[in-house]
Structures are given as structure tokens and as C-alpha cells.
Amino acid sequence: MGRIFTVAFTFEGRSYTAFVKISNGGDLFSVHIHLPDTTLHHLIPEGNISYNSTTGFQAMRHATPTPALELMSRVIDAIEAHLQHQ
């Protein structure tokens, strides 16, 4: 089963949108997030954050600067709020 939706979030005083795809099949759960605003791509390479239940987060395999962690936190909070209101 899959779901695709957008969420709005704020980061450093600006509003942004993220595209979210959630897939759940069998034992595998995955989330793919794309941040289309290229001004964020210096923090999140190519604007893509991926998570799956077997390998974890794929966006941050190297040293992660604090602003990138804050950005991920804001996006995840927006996704959680969206899913709670479904």
C-alpha cells in the first residue's frame, strides 16, 4: 500500500513544501521525501531524504551539519502532523 501527499513546513523563518511517498508492504516500510526548493539542497543532497525499515535513513551517511538535522526534524514533524489528521 502506498500514499503520496505534500506537507508544508517552516525552516529558518521561511515556508516550504515537501513531497512525501510512504510505502508499506509486508515487512518493509519506506518513506521518500523530496524537497523541491533548491535553496535547501546544500543541506540535503538533491533534496532527497529516504528511510526504509531495513537500512534506515539514506540522506545523511556522512557528517551531518546541525542545520540539516533541524531541517529533517521540521519535515518529519510536518509529516507526523499530517498523518495524525488523516
For this session: State, yes or no, whether a side-chain contact exists between V7 and Y16 at a heavy-atom distance under 4.5 Å.
Result: no

For this session: Report yes if the side chains of F29 and I22 come closer than 4.5 Å at any heavy-atom pair, otherwise no.
Result: yes

For this session: Taking the side chain as every heavy atom from C-beta outward, state whether N48 and H32 have any atom pair closer than 4.5 Å.
Result: yes

Exercise. Would F5 and I49 show up in the same hydrophobic cluster when neighbours are defined by side-chain heavy atoms closer than 4.5 Å?
Worked result: yes

Exercise. Listed by chain and number, what are the salt bridge (Lys or Arg N to Asp or Glu O under 4.0 Å) partners of D77, not counting sequence neighbours?
Worked result: none

For this session: Starting from the C-alpha separation in whole Å, work towards a yes-or-no answer on side chain to side chain contact (heavy atoms under 4.5 Å, CB included) for N52 and V31.
Result: CA-CA 6 Å; N52 75 54; V31 179; over 6 Å; no

Exercise. With distance as the sole test, does R74 use its side chain to make a donor-acceptor pair with the main-chain N or O of T10 at under 3.5 Å?
Worked result: yes

Problem set entry | Nearest-0.5 Å distance that lies between atom OG in S50 and atom NE2 in H34 | 11.0 Å

Exercise. Got F11 and L40 here, is their nearest side-chain heavy-atom distance under 4.5 Å?
Worked result: yes

Problem set entry | Interatomic distance, S23 atom OG to R3 atom CZ [nearest 0.5 angstrom] | 11.5 Å

For this session: Identify the two heavy atoms, one from A78 and one from A8, that lie closest to each other, and give their separation to 0.1 Å.
Result: CB-O, 3.5 Å

For this session: Please confirm whether the backbone N or O of L35 pairs with a side-chain atom of H41, one donor and one acceptor, at under 3.5 Å?
Result: yes

Problem set entry | Results of side-chain hydrogen bond (donor to acceptor under 3.5 Å, both in side chains) for T39 - residues two or more places apart only | D37

For this session: Using a 4.5 Å cut-off on heavy atoms from C-beta on, say whether the side chain of I44 contacts that of L71.
Result: yes

For this session: Please name the pair of heavy atoms, one in P36 and one in A18, separated by the smallest distance, quoted to 0.1 Å.
Result: CD-CA, 4.5 Å

Exercise. To the nearest 0.5 Å, how far apart are CZ in R14 and CZ in F9?
Worked result: 10.0 Å

Exercise. Any chain of hydrophobic side-chain contacts (each under 4.5 Å) joining F19 to L83?
Worked result: no

